[in-house]
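Keep in mind that this is a model prediction, so the values were computed, not measured.
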Amino acid sequence: MIKLSYEQQIAFNSLSIIVGNALYALTVVLFLVPSGLITGGATGIALGINRALGLPVSGVLFVINMTMLTVGWVLLGRRFAITTIASTVLSPLFLALWERVFTGFVLTDDLVLNTIFAGLGVGISLGITIRAGASTGGMDIPPLVLHKFTHIPLATLVLITDTLTVLLGVATYGFQAALVGIISVFLSSVAIDKMLTLGAIKSKNCMIISERYEEMLSYIHQELYRGTTILQGHGGFTQENRPVIMVVVSKKQYPLLEHEVLKVDPNAFIIVTDTDEVHGLGFTYEEEDF
């Protein structure tokens, strides 16, 4: 795993925020605007106003973002606002740039292709930005403000905000665009999730219950070179105390572990769950790194 110095990490994050916002704006100009697709958040509102009044998307988005930034600064604090400034300025700036560069340019008229690439483009660009530690700002702020003062669950407030955005889209674009927009938003959510776990160490977390646990510990330590944690379990039915081995192994090592455990004790109880990310010795760094 490549380790960056503090200065290198700051430079990398700054570049990621710039690239993420540039890609997001490019996706809006190339796929969302020409096809009339609906998206969520401040961009979705800006697209709706553009459709209804003909105002430039970049200008409307800048006004919305700056308004929300001011509200966030006053009600949520300076620290929150600082993480939002970059996207608040960069997103409309790149939108204005791409609007001028690609004036009258239509990449494709295929609604399916526009839907797919709009969703992927928005998801990937937002994932890059969020991974760099920046807030996307815009319409993410009202739910946070309302949650602070009303204590209504944040997920509910986000759903309400997105619903209002979609209703605006229906009023300006029609139901078909709204239905297609839902598919695009779904694809973007999947892409964001994949981007946030990109490069993560995916492994298997195993919980093993067996009377012959000592033999299994020996195999795990000496053959798989993995550390273990012994948890103290208490059987609900038997009322007996039993040690539980917890070990995280790579996906390639799991079949070896399973085979050995069942060979030692065919009656062993094994619980296996997927882990999206693991940090620690043997996964993100080795002993010689110290």
Exercise for review: Spell out, as yes or no, whether a donor-acceptor pair under 3.5 Å connects the side chain of Asp274 to the backbone of Lys204.
Suggested key: no

**Study point:** Short side-chain to backbone donor-acceptor contact, Gln232 and Pro243, under 3.5 Å
**Key:** no

**Study point:** Note, Leu55 side chain near Asn50 side chain (heavy atom, < 4.5 Å)
**Key:** no

Revision key, fill the gap. Residues Ala25 and Ser91: closest non-hydrogen pair is CB-O, 4.0 Å

Review point. At what distance, to the nearest 0.5 angstrom, does CD1 of Ile230 lie from CD1 of Ile245?
Key: 5.0 Å

**Study point:** Parallel, tilted or perpendicular, as decided by the 30° and 60° cut-offs, for the rings of Phe94 and Trp98
**Key:** parallel

Practice item. May I ask whether Phe269 and Val248 are part of the same hydrophobic cluster, defined by side-chain heavy atoms of I, L, V, M, F, W, Y residues being less than 4.5 angstrom apart, directly or through others? Key: no

Donor-acceptor pairs under 3.5 Å, side chain of residues 26-36 to any protein atom, not counting sequence neighbours: which ones?
from, atom 1, to, atom 2, distance (Å)
Thr27, OG1, Leu23, O, 2.9
Ser35, OG, Phe31, O, 2.4

Point to revise | Considering all heavy atoms, the nearest Leu257-Cys206 contact | key: CD2-SG, 3.8 Å

**Study point:** Over 12 non-hydrogen atoms of neighbours within 6.0 angstrom of CD in Glu211
**Key:** no

Check your understanding: Taking side chain as C-beta onward, heavy atoms only, is Met68 less than 4.5 Å from Pro142?
Key -> yes

Review point. Would you say the side chain of Tyr219 lies within less than 4.5 Å of the side chain of Val261, judging by non-hydrogen atoms?
Key: no

Review point. Could you state the interatomic distance from CZ (Arg226) to OG (Ser203), rounded to the nearest 0.5 Å?
Key: 7.0 Å

Practice item. Using the side-chain contact (heavy atoms from CB on, under 4.5 Å) rule, take Ile45 and Val60 through it: C-alpha gap first, then chi angles, then the decisive distance, then the call. Key: CA-CA 8 Å; Ile45 295 176; Val60 176; 5.5 Å; no

Check your understanding: Under 4.5 Å between any side-chain heavy atoms of Asn205 and Val272, yes or no?
Key -> no

Study note, to complete from the structure: The residue among Leu69, Thr70, Val63, Ile64 that forms side-chain contact (heavy atoms from CB on, under 4.5 Å) with Thr67 is Val63

Check your understanding: Do the non-hydrogen side-chain atoms of Leu256 and Glu260 ever get within less than 4.5 Å of each other?
Key -> no

Check your understanding: If you round to the nearest 0.5 Å, how far is CD1 of Ile208 from CD1 of Ile270?
Key -> 6.0 Å

Point to revise | Pairs touching residues 94-115 that satisfy salt bridge (Lys or Arg N to Asp or Glu O under 4.0 Å), sequence neighbours left out | key: none

Review point. When hydrophobic residues are tied together by side-chain contacts of less than 4.5 Å, even through go-betweens, does Leu107 share a cluster with Val122?
Key: yes

Point to revise | Same apolar cluster: Ile271 and Val247, side chain cutoff 4.5 Å | key: no

**Study point:** Distance-minimising heavy-atom pair for Arg212 and Val264
**Key:** NH1-O, 2.6 Å

Exercise for review: Output yes when a side-chain donor or acceptor of Ser188 lies under 3.5 Å from a complementary backbone atom of Leu120, and no otherwise.
Suggested key: no

Study note, to complete from the structure: Residue pairs passing the ring-ring contact (aromatic ring centres under 6.0 Å, His included) test with at least one member in residues 35-62, sequence neighbours excluded, are none

Review point. Side chains of Thr88 and Asn65: donor-acceptor distance under 3.5 Å anywhere?
Key: no

Point to revise | Contact summary for Val180 and Thr115, nearest pair of heavy atoms | key: CG1-OG1, 2.9 Å

**Study point:** Gln253 (side chain) donor-acceptor with Ser250 (main chain) under 3.5 angstrom
**Key:** yes

Point to revise | Over all atoms of both residues, closest heavy-atom pair of Ser125 and Gly20 | key: CB-O, 3.2 Å

Check your understanding: Going from CG on Leu224 to OH on Tyr254, what distance comes out if it is rounded to the nearest 0.5 angstrom?
Key -> 12.5 Å

**Study point:** All side chain to side chain contact (heavy atoms under 4.5 Å, CB included) counterparts of Val244, not counting sequence neighbours
**Key:** Met207, Ile209, Leu231

Check your understanding: Can you check whether Ile124 reaches Lys194 side chain to side chain, under 4.5 Å on heavy atoms?
Key -> no

Revision key, fill the gap. Here the pair of heavy atoms bringing Ala268 nearest to Ser210 is CB-CB, 4.0 Å

Review point. Should Leu111 and Leu47 be counted in the same cluster of Ile, Leu, Val, Met, Phe, Trp and Tyr side chains packed under 4.5 Å apart?
Key: yes

Practice item. First locate atom CD1 of Ile192, then atom CG of Leu187, and finally report the distance between them rounded to the nearest 0.5 Å. Key: 11.5 Å

Review point. In terms of hydrophobic clustering (I, L, V, M, F, W, Y; side-chain heavy atoms under 4.5 Å; direct or indirect links), are Val101 and Leu61 co-clustered?
Key: yes

Study note, to complete from the structure: The complete set of salt bridge (Lys or Arg N to Asp or Glu O under 4.0 Å) pairs with one or both residues in residues 234-249, sequence neighbours excluded, reads Glu240-Arg242

Check your understanding: Would you find more than 12 non-hydrogen atoms of other residues, nucleotides or ligands less than 6.0 Å from Phe149 atom CZ?
Key -> yes

Check your understanding: About how many Å separate CD1 of Ile10 and CG of Leu15, when rounded to the nearest 0.5 Å?
Key -> 13.0 Å

Review point. Sub-3.5 Å donor-acceptor pair from the side chain of His259 to the main-chain atoms of Pro255, do we have one?
Key: no

Exercise for review: Indicate whether the side chain of Tyr24 and that of Ser87 have a donor and an acceptor atom separated by less than 3.5 Å.
Suggested key: no

**Study point:** Pairs meeting criterion salt bridge (Lys or Arg N to Asp or Glu O under 4.0 Å) with involvement of residues 20-34, two or more places apart
**Key:** none

